[in-house]
Amino acid sequence: MKILQDAFARSVRYLETLPERSVQPSTAAIEALAGLDGPLPQEPTPEQEVLERLDAVGSPATLANAGPRYFGFVTGGALPVSLAANWLAGAWDQNAHFVVGSPTAAALENRALAWIREILELPKSWGGGFVTGTTMGNFSGLAAARHHLLGTLGWDVESKGLFGAPEIQVVVGEEAHTTLFQGLALIGFGRDRVTKVPVDDQGRMRSDSLPDLEPPTIVCLQAGNVNTGSFDPIIEIAPRAREQGAWVHVDAAFGLWAKASPSTAHLVKGLEQVDSVATDLHKWLNVPYDAGLALYRDPEIARRALSITAAYLPEGSERQPCDYTPESSRRARGVEVWAALKTLGRSGLADLIGRNCELARRFAAGLDKAGFEIGNEVVLNQVLVSFGSDARTREVIAAVQLEGTCWCGGTTWNGRAWMRISVSSWATGPEDVDRSLRAIIAVATDC
Ligand SMILES: Cc1ncc(COP(=O)(O)O)c(C=O)c1O
């Protein structure tokens, strides 16, 4: 077991040095990845040598997104306890498909699910499945919607497929996330066969522009626009849509967690009125990749749509973890989710979400004071900033990444280039924001 002790020592060293190294790996480190190439060895390699090589070549070429000053995409850093739980779960090596395959994994999933329902103030009758991320969470919600809407019309879609099936109208906001379209493509609805609803200047679906929602219709809402952090008005749209017989799905990759903090909970008002929700756990709950969740108002519909074992058999007395996901063999994602929630508690989670939002406002205020344009209402943890022309903004983004104090990505919003800052990590403190502000402003002034 020396190899495991060595891996542990190397991991701790990696994490301890992270806050002071460049967030962006150097070009030399990336070029050195070529050192991992070569033919498949004919003979075994000593495991110690393998680990040494991984650490020597792999570690320096990583982005320091587990550290405190990575603000790219929407990326949490794994809470130490969630990483520790992940290591333990790795040692357990459980297959979390059925209860019989891992009573521990199933019990932890059940408890984590119950706690998440409690945080979201959803009734106990809601169920869910742990998936790889929101992309698969959206896919799962759409599969449940497809099963339900076509089943109501007497069409057994799991047996007959979509050939000759009644058409389903799919309604999305103009600013729906690109991965929702991936789900629509995979589920057989098509990326382009959608009705797009106009949005306001923050990317929120305009409830006064909804089309006729005659059944069968799926309405896909969004909680947390990846650029602005804004929310579709769930409370205005969901009850109306359900009244007309539509299935309402919410892509809430990171926005769902707004519910955990009293300062932002109002943004997801009406959540209990929808049919399915997809979210990420690896983003704002700060657990390791890959972890997401599909939540269902009626879990039995999801089970019938997704289960490999008993699509048309009555549910047994126990919840089988894989029955609510499109997967069979799966890692025990509930372990680190349970550990994160148990450690944070309600107040710790509220603090994490509230603090990140406050730090996003600190970023926006600092950049605004320095004379740069802020492109969004900072309602959550996302900030858009422009440094002038698109070309100049892109130049500043590249220079900030190269300088290495922090890492922010680029995006296009309302036809213009912006730098996007996402504050999503437990590790980020005010001093990290101030240090990053100094670096960004200095780089932008020099560019
Ligand atoms: C709104 C939204 N939906 C879906 C996704 C996709 O999530 P994942 O990559 O974890 O599947 C993202 C990722 O940023 C997102 O912001």
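Start at 1 and go down the list; that is how both ligands and their atoms are numbered. What you see is a predicted model; the values in this text were computed from it and never measured. Quick note: numbers below take in every heavy atom, side chains included, and nothing from hydrogens, waters or symmetry partners.
- Of the charged side-chain nitrogens involved, none lies within less than 4.0 Å of a carboxylate oxygen, so that Arg204 and Asp232 do not count as a salt-bridged pair.
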Between Phe363 and Phe71, does the ring pair (Phe, Tyr, Trp, His ring centres under 6.0 Å) criterion hold? Intermediate values first, please. CA-CA 11 Å; Phe363 253 124; Phe71 306 110; 5.0 Å; yes
Can you check side chain to side chain contact (heavy atoms under 4.5 Å, CB included) on Leu293 and Ile116, steps first, answer last? CA-CA 10 Å; Leu293 184 65; Ile116 291 171; 3.8 Å; yes
Test side chain to side chain contact (heavy atoms under 4.5 Å, CB included) applied to Ser102 and Asn95, step by step: CA-CA 6 Å; Ser102 180; Asn95 187 343; over 6 Å; no
Residue pair Gln244, Asp212: steps toward the side chain to side chain contact (heavy atoms under 4.5 Å, CB included) verdict: CA-CA 9 Å; Gln244 293 175 67; Asp212 189 356; 4.0 Å; yes
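- Ionic pairing of Arg330 and Glu327 is present here: one or more N-O contacts between side-chain nitrogen and carboxylate oxygen are shorter than 4.0 angstrom.
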Output, or 'none' if empty, a list of ligand 1-protein atom pairs in which both atoms are N or O and the distance is under 3.5 Å, rounded to 0.1 Å.
| from | atom 1 | to | atom 2 | distance (Å) |
| --- | --- | --- | --- | --- |
| ligand 1 | 3 (N) | Asp251 | OD1 | 2.9 |
| ligand 1 | 3 (N) | Asp251 | OD2 | 2.7 |
| ligand 1 | 7 (O) | Asp280 | OD2 | 3.2 |
| ligand 1 | 7 (O) | Lys283 | NZ | 3.3 |
| ligand 1 | 10 (O) | Asp280 | OD1 | 3.0 |
| ligand 1 | 10 (O) | Asp280 | OD2 | 2.7 |
| ligand 1 | 10 (O) | His282 | NE2 | 2.9 |
| ligand 1 | 10 (O) | Lys283 | NZ | 3.3 |
| ligand 1 | 11 (O) | Thr134 | N | 3.3 |
| ligand 1 | 11 (O) | Thr135 | N | 2.8 |
| ligand 1 | 11 (O) | Thr135 | OG1 | 2.6 |
| ligand 1 | 14 (O) | Lys283 | NZ | 3.3 |

